[in-house]
Amino acid sequence: MKPLILDGKTLASASEGEITKRVKRLIEDLGGKKPVLATILVGQDPASATYVRMKGNACGRVGMDSRRIELDGSTTTVELLAEIDKLNKDESVQGILLQHPVPNQIDEKACFDRISAAKDVDGVTSLGFGMMAMGLDAYGSATPGGIMRLLTHYKVDCTGKRAVVVGRSAILGKPMAMMLLNANATVTICHSKSKNLAEEVSRAEILVGAVGRPEFIKSDWLSEGTVVVDAGYHPGGTGDVEIEPALDRISAYTPVPGGVGPMTINTLILQTLEAAEKSI
Ligand code: NAP
């Protein structure tokens, strides 16, 4: 049987329709003022510039404003912190996105953590992570948050399932593991020091690839019936999982592109709307 496609593109597009209606109602409540997502891009990295543009475009599609702040690649931590402080105080801004990665001279963690919890719509602060992990009300990191929405939409029940997350970054692997745990999965986190990776992956009923290396997770590591979520994206449309040869065995998968990526942006937009709704 053909595996189910966890189609993030279609779900994100349907969700945009719902978000657009809510934004319209909110603008009426705000007497005509639009919710604003501020995006901060430091430096000239073309991929980051594209991501920021895509996020701004998504705001426009649902009727929200985005305010682009572009800083020179030589910006210091102190200068970036000052910029974040200004946005934290600015009542016309409801969400703040600092595009990752920032240039090496900047202390990214300190800058993420300066974003006020109420405006941390990308879920990047340590406080937000801790609260999310404790099951409290906080915006989760947008990529794993989008993955959870996708799994919920397609009725993938995580309860009691063995979930394996390959990758432990602060914005993806770790929050992903916590969200799966909160959804009652039995979670294993693998990383570059893990042993017997193929064996760990083969035990997964739900597998999340978040490694950042093209087709690093091999198809013959995947077991019968596994739900495969591929967060990776590499030029030419490859993900972190070698999926093609396993299509006759697995039960569901996220396509690359069109799986996780659109849900990330959609979750950021949804969380910005929620922040704006809470602010009134
Ligand atoms: P990252 O910060 O580079 O983290 C990669 C993780 O993979 C690390 O935890 C690392 O382990 C682990 N890893 C590296 N080599 C490994 C190996 N040989 N065996 C096992 N684990 C290994 O990357 P990221 O930001 O989490 O992103 C991961 C992927 O997701 C990338 O392809 C990125 O483009 C994609 N992504 C997509 C979206 C989206 O919206 N679609 C958003 C964010 C990221 P250590 O911790 O031990 O070094």
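These numbers were taken from a predicted model, which means no experiment stands behind them.
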- Query: Just how far is it from atom CG of Asp240 to atom CG of Asp230, taken to the nearest 0.5 Å?
  - Reply: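 With rounding to 0.5 Å, CG (Asp240) is 5.0 Å from CG (Asp230).
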Using the rule that two of Ile, Leu, Val, Met, Phe, Trp, Tyr join whenever any of their side-chain heavy atoms come within less than 4.5 Å, decide whether [X] and [Y] are in one cluster.
{"X": "Val227", "Y": "Met179", "value": "yes"}
{"X": "Leu87", "Y": "Ile115", "value": "yes"}
{"X": "Ile106", "Y": "Ile96", "value": "yes"}

- Message: Just to verify, which of Val42, Leu98, Val102 counts as forming a side chain to side chain contact (heavy atoms under 4.5 Å, CB included) with Cys111?
- Response: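 So, applying the side chain to side chain contact (heavy atoms under 4.5 Å, CB included) to Cys111 and each of Val42, Leu98, Val102, only Leu98 qualifies.
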- Task: Please write out which residues are connected to Leu136 in a hydrophobic cluster, directly or through intermediates, given that two of Ile, Leu, Val, Met, Phe, Trp, Tyr count as joined at side-chain heavy-atom separations below 4.5 angstrom.
- Result: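 Besides Leu136, the cluster holds Leu127, Met131, Met134.
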- Hydrophobic cluster (4.5 angstrom, side-chain heavy atoms) - remaining members for Met1: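 Other cluster members: none.
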- Message: Run the side-chain hydrogen bond (donor to acceptor under 3.5 Å, both in side chains) test against Glu200 and tell me which residues pass, sequence neighbours left out.
- Response: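 Checked Glu200 against side-chain hydrogen bond (donor to acceptor under 3.5 Å, both in side chains); matches are Arg203.
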- With sequence neighbours left out, write down each residue that passes side-chain hydrogen bond (donor to acceptor under 3.5 Å, both in side chains) with Ser15, or none if nothing qualifies.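 side-chain hydrogen bond (donor to acceptor under 3.5 Å, both in side chains) list for Ser15, sorted by chain: Arg149, Asn266.
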- Item | Partner set under side-chain contact (heavy atoms from CB on, under 4.5 Å) for Arg61, not counting sequence neighbours |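 Checked Arg61 against side-chain contact (heavy atoms from CB on, under 4.5 Å); matches are Glu16, Asn57, Ala58.
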- Message: With a sphere of 6.0 Å drawn around NZ of Lys155, does it hold more than 12 non-hydrogen atoms of other residues, nucleotides or ligands?
- Response: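 At most 12 heavy atoms, drawn from other residues, nucleotides or ligands, come within 6.0 Å of this atom.
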With a 4.5 Å heavy-atom cut-off, do [X] and [Y] have their side chains touching?
{"X": "Met178", "Y": "Pro175", "value": "no"}
{"X": "Leu222", "Y": "Val241", "value": "yes"}
{"X": "Val156", "Y": "Glu205", "value": "no"}
{"X": "Thr10", "Y": "Ser13", "value": "no"}
{"X": "Asn88", "Y": "Ile84", "value": "yes"}

Could you give all pairs that pass the side chain to side chain donor-acceptor pair (under 3.5 Å) test and reach [range], with sequence neighbours left out?
{"range": "residues 156-169", "result": "Asp157-Thr159"}
{"range": "residues 246-264", "result": "Thr143-Thr264"}
{"range": "residues 94-106", "result": "Lys55-Gln99, His100-Glu108"}
{"range": "residues 120-132", "result": "Lys109-Ser126, Asp113-Ser126, Asp120-Thr125"}

- Query: Shortest non-hydrogen contact from Leu37 to Thr272?
  - Reply: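 The pair with the smallest heavy-atom distance is CD1-OG1, 3.7 Å.
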- Message: Any carboxylate oxygen within less than 4.0 angstrom of a Lys/Arg side-chain nitrogen, looking at Lys21 and Glu18?
- Response: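 So Lys21 pairs with Glu18 through a salt bridge.
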- Message: Donor-acceptor check, side chain of Thr75 to backbone of Asp72, threshold 3.5 angstrom: yes or no?
- Response: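 Checking the backbone N and O of Asp72 against the side chain of Thr75, a donor-acceptor pair under 3.5 Å is found.
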- Task: Could you list the residues that satisfy salt bridge (charged side-chain N to carboxylate O under 4.0 Å, His left out) with Asp65, not counting sequence neighbours?
- Result: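 Per chain and number, Asp65 pairs via salt bridge (charged side-chain N to carboxylate O under 4.0 Å, His left out) with no residue.
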- Task: Output every pair passing salt bridge (charged side-chain N to carboxylate O under 4.0 Å, His left out) with a member in residues 78-103, not counting sequence neighbours, ordered by first then second residue.
- Result: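 Of all non-adjacent pairs touching residues 78-103, those that pass salt bridge (charged side-chain N to carboxylate O under 4.0 Å, His left out) are Arg67-Asp90, Glu83-Lys86, Asp85-Arg114.
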Donor-acceptor contacts, no H, no angles, side chain residues 207-221, under 3.5 Å, sequence neighbours left out:
{"from": "Lys218", "atom 1": "NZ", "to": "Glu215", "atom 2": "O", "distance (Å)": "2.7"}
{"from": "Ser219", "atom 1": "OG", "to": "Glu242", "atom 2": "OE1", "distance (Å)": "3.0"}

